[in-house]
Amino acid sequence: MKQIYLDNASTTRMRPEVLDAMLPYFTEQYGNPSSIYPLGQEASDAVAEARSSLAGCIGAQPREVFFTSGGSESDNWAIKGFARANVAKGRHIITSAVEHHAVLHTCAALEKEGFEVTYLPVDGDGLVSVEDFKAAIRSDTILASIMFANNEIGTIQSIAELASAAHEAGVVFHTDAVQAFGHEYINVEEMGIDMLSASAHKLYGPKGMGLLYVRKGVKLLNLIDGGQQERGRRATTENVSGIVGFAKAAQLAEAEREAVHGSQLALRDHAIERILREIPHAKLNGSWESRLANNVNFSFEFIEGEGMLLQLAARGICVSSGSACTSGSLDPSHVLLAIGLPHEIAHGSLRMTLGRDTTLEDVDFAIDSLKATLANLRSMSPLYEDFQKTGEGSIIAEMKAQGVPYVS
Amino acid sequence: MKQIYLDNASTTRMRPEVLDAMLPYFTEQYGNPSSIYPLGQEASDAVAEARSSLAGCIGAQPREVFFTSGGSESDNWAIKGFARANVAKGRHIITSAVEHHAVLHTCAALEKEGFEVTYLPVDGDGLVSVEDFKAAIRSDTILASIMFANNEIGTIQSIAELASAAHEAGVVFHTDAVQAFGHEYINVEEMGIDMLSASAHKLYGPKGMGLLYVRKGVKLLNLIDGGQQERGRRATTENVSGIVGFAKAAQLAEAEREAVHGSQLALRDHAIERILREIPHAKLNGSWESRLANNVNFSFEFIEGEGMLLQLAARGICVSSGSACTSGSLDPSHVLLAIGLPHEIAHGSLRMTLGRDTTLEDVDFAIDSLKATLANLRSMSPLYEDFQKTGEGSIIAEMKAQGVPYVS
Amino acid sequence: MAMNYSEAVMDHFTNPRNVGEIENASGCGTVGNAVCGDIMRVYLDIDDDGIIQDAKFKTFGCGAAIATSSMATVLVKGKTVQQALEVTNKAVMEALDGLPPVKVHCSLLAEEAIHAALWDYAEKNGIMIEGLEKPVSDISEHDHGHDIDDEDED
Amino acid sequence: MAMNYSEAVMDHFTNPRNVGEIENASGCGTVGNAVCGDIMRVYLDIDDDGIIQDAKFKTFGCGAAIATSSMATVLVKGKTVQQALEVTNKAVMEALDGLPPVKVHCSLLAEEAIHAALWDYAEKNGIMIEGLEKPVSDISEHDHGHDIDDEDED
Ligand SMILES: Cc1ncc(COP(=O)(O)O)c(C=O)c1O
Ligand SMILES: Cc1ncc(COP(=O)(O)O)c(C=O)c1O
């Protein structure tokens, strides 16, 4: 069956150009970049070139870019490494309630080490308030980590303002840009970003490959000690093919960014509008204005997410959900709860994230299928039965009555 | 120019079969294993299959095998993760002076956190004495980490005996088996290994891919916190192609292990014997008896290693050295110093590590080139000039007089 | 979290048997709650001989919840009330060729829903069913086994 | 540690100029030590007008050490003693189109070796060479810049 892949926030299909760029580094140019003979030096040159190309994408210096095994390692390294290196200056860290677990669980680990963490709430759109942020800064605050764009609901934060508020108070500013790198314009100088995490597989590059940008002068302890790779900051024989593939993916993304952004935005808004128009008891999650161009996230009432995903999968549609059942945890997505969704409707959420080659047909087919799926699941839902019998018990209807935007 | 690659302890040429196994997971089977739709489930199945295949190679259970980004991360995770999780039981760790930097620098980082580390000395062959090991165990010793086989001199430690001594005292035993996995017979049950690090690129697999075996019941803190991958122990979207490639490489290595071991042993001994016979002022480093089948390591007097490497590279021969200059540090290899080599001859060391397709012709050509290179470098060495004029100042001649074995 | 549902689960999820309502049912029970994410409602039509002539369900929940509801109704149909009590969560799971560890709680919910419907039937008819205890209507107080690592806790 | 030697360095390393000894040299100096890994010995043949007619070297050391020795001898040949003093490590490095940061110390060693040979010449002839200080024979006390991160220390 034809698969319609609308889960590009989860991972992406690697581009053939990226594979082509990587291929020589497996069985031909397989040298260790630390070696002195040509096979090693060529690998070393390829790594250096990739580093400066990636640095260029965000306005950084090559020596400020360090390769890692992915977004999670970058987040862990930035936050644990900075906190542990700067504990003498203070033990307070600020982050938000909607961060990825790679940030949240890292902060939780630091709390066990004696750090204190403020988890800023967000508004109904998922936005951190700059005022709240300023108010949370204490004299012993050393680090703030606020994600560039949310992986579930696509909300883009006011990074430049937050960073500047952090700097006014002498606080170092990290951003998890895993969802934004290669998709949104980023410039670490203009925006005042001190550390930035990115991951290659979110931009049609290889899995298991990430980077951490660290502004010159920002001190970190190593997460991975050992050899002298990455100027002694992150040990391990370089994943040369992965590094080369990451750089290639980023170059392509950078070159096509504006065009892709524009066409995705149109498709995204088409999808959002169709759902609001055609599917009752639905609510758009996340800001519509300050939102990744490829993110569509809805809650549907009276149904639970996993069943929806499985039925859509049976029609060849690959999407994801903030439902409890898909994550192995009893609670629904912490992001959906943080934007104020009651558990009941957080369970019935759906994320569709468009890719660079998603077509209008794909989106329309997905929405048609979604309508059929929801009708089927609602027909077997005891909650929908009750609602139909009594006309009561709809949370979304209440929201609508209260004037919450983008509900149907 | 034809390249003769004799640096397989540094990294290996990925096998075409491994690349073939990996290829589908880049641009076709690109799903995220955490996803519920078939594209994700197939990736998840591939990861599960790879995990059980790798577990099988060392007699472990699949759920005891965790994927990492390489040997360095595995070492860091095992040692830091165990130490931090078990600090209530004690703060003392035992390791050896000849470990890889991924272990030594990790231990140094733990010393800064308040742990105490005993770095056991080794004998002239690079062997840790089981008696020394027992004597070093204290009531507050929680962990011992002794490498399976040394990356520079190839010496294989008495792992089963060391592990059993550790267990008698209730100490958990980790081994860095990066150089041994896929090359030597390993069984974690028989040998009593509690944790084991391995890295795919040392056995013709992909770079940036490793594993940590953790015996059921051994408690570790996470090094990389975040999502629920690896049962919540090591977060990040799985590097599916890397995992599949690692398993394929290990399967092939396991299937061919005895045959390759036998043929490499013959070539290795041929090389060692030719050098001892034909090159004066040379000393074999490391044990000859308890040694990796592919490792040849010599010190040559009156010359410095980098010059030797560059001249060999100019003839297409890829080898490495324990010389200061190639590592960016002022000191020569800590391993060569630990086996008692004076600085003067540690600088002039050469490591040739054979690969699975190294031929007798390759080895002979390399040794012929080595002879020419040494003659050339000695002809421009002021130390050799002095020795020739006075007949004095040869450390190796003194060693020979003292009965040190395997010197010429 | 990988799912790896058996074929039987996928079949009962995609083609659930006995979806619907029974008007004037002999017994009807609803368990679970929408906060934790699973709600099951079972309708039973029980004849004068105490034989379950028909069973229907509605479920708000994941694939496993729907499949276990479907299977539970299939298993109790044609059975006596007493036999229906033997349709335990284990029996439902076995009939479905197993469930992923994180989904075992769904089969518990199905058992509870059958019990709740039987309790309702017993109450309506003023009878006592041996071995049947009053089911908790909100089973979220039960241990769902959801976020417990399937084997070890180390 | 990646090397990335310039072509000039590789040329002077693979085809070093002026390797050898000069019998009854006007001046000979050896600097460095085998513990730290670099030893250079320079022989100078200086005529009565104080012009360096010939220069030879022997070096124990890495590629950069050999190349800088070679270049240093090339640069001083034909020069007066006074001009030879101006053959600084910078001059040697420039002539070689640069050196990797960790190798800069090698060029210092070459400068020291020339100075040591000139000092020997001056001593033998009982003269004072303006601007020449007694070179340290063991330059390992100098800062080699070896394990210093090339720019930042953070
Ligand atoms: C013994 C040993 N341990 C650890 C490592 C580190 O492995 P990796 O480069 O995969 O991180 C290596 C190789 O570099 C090694 O030889
Ligand atoms: C916002 C965000 N941060 C971090 C990560 C972790 O990235 P990776 O899977 O490459 O470790 C992800 C994706 O999974 C993400 O979306």
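Every heavy atom of this structure was used, including side-chain atoms; hydrogens, water molecules and symmetry mates were not. Every chain is numbered from 1 and lettered A, B, ... according to where its sequence line falls, protein lines coming before strand lines.
When all heavy atoms are compared, the tightest approach of A/S72 to B/A235 is CB-O, 3.7 Å.
Highest contact tally toward chain B, considering only A/S10, A/A313, A/G40, A/G232, is held by A/S10 [criterion: heavy-atom pairs under 4.5 Å]. For chain B, the option among A/A102, A/G210, A/S320 with the highest count of heavy-atom pairs below 4.5 Å is A/A102. Listed options B/R15, B/K80, B/Q3, B/Q29 were ranked by heavy-atom pairs under 4.5 angstrom with chain A; first place goes to B/K80. Highest contact tally toward chain A, considering only B/G31, B/G227, B/G70, is held by B/G31 [criterion: heavy-atom pairs under 4.5 Å]. Interface check for chain B: of the options A/T12, A/V103, A/D75, the most heavy-atom pairs under 4.5 Å are formed by A/T12.
Within the 4.5 angstrom heavy-atom criterion, only side-chain atoms of A/M22, from C-beta onward, approach chain B. B/R234 touches chain A through its side chain: at least one heavy atom from C-beta onward sits under 4.5 Å away, while N, CA, C and O do not. Within the 4.5 angstrom heavy-atom criterion, only side-chain atoms of B/L23, from C-beta onward, approach chain A. Neither the backbone nor the side chain of B/S199 comes within less than 4.5 Å of any heavy atom of chain A. With a threshold of 4.5 angstrom between heavy atoms, A/S241 does not approach chain B through any atom at all. For B/K112, no part sits under 4.5 Å from any heavy atom of chain A, backbone or side chain. In this structure, the portion of A/E238 lying under 4.5 Å from any heavy atom of chain B is its backbone and not its side chain. Heavy atoms closer than 4.5 Å to chain B are found nowhere in A/L312, neither backbone nor side chain. Looking at B/V18, there are no atoms closer than 4.5 Å to chain A (heavy atoms on both sides), in backbone or side chain. Contacts of B/T106 with chain A are made by both backbone and side-chain atoms, with heavy-atom separations under 4.5 Å. Heavy atoms closer than 4.5 Å to chain A are found nowhere in B/E113, neither backbone nor side chain.
Looking at A/N222, A/T236, A/I224 one by one, the single match for side-chain contact (heavy atoms from CB on, under 4.5 Å) with B/N76 turns out to be A/I224.
A donor atom on one side chain and an acceptor atom on the other are not found under 3.5 Å apart for A/N32 and B/T11.
Rounded to the nearest 0.5 angstrom, A/T237 OG1 and B/H201 NE2 are separated by 3.5 Å. Separating the CZ atom in A/F26 from the CZ atom in B/R13 is a distance of 14.0 Å, to the nearest 0.5 Å.
For the pair A/E73 and B/L223, the minimum side-chain heavy-atom distance is 4.5 Å or more. Side-chain atoms of B/S35 and A/D7, non-hydrogen and from C-beta on, do get closer than 4.5 Å to each other. Residues A/I36 and B/E306 meet the side-chain proximity criterion, which asks for heavy atoms closer than 4.5 Å. Put simply, the side chain of A/Y5 reaches to within 4.5 Å of the side chain of B/L39, judged on heavy atoms. Between B/D225 and A/H101, the closest side-chain pair of non-hydrogen atoms is not below 4.5 Å. Between B/K207 and A/Y30, some side-chain heavy-atom pair lies under the 4.5 Å cut-off.
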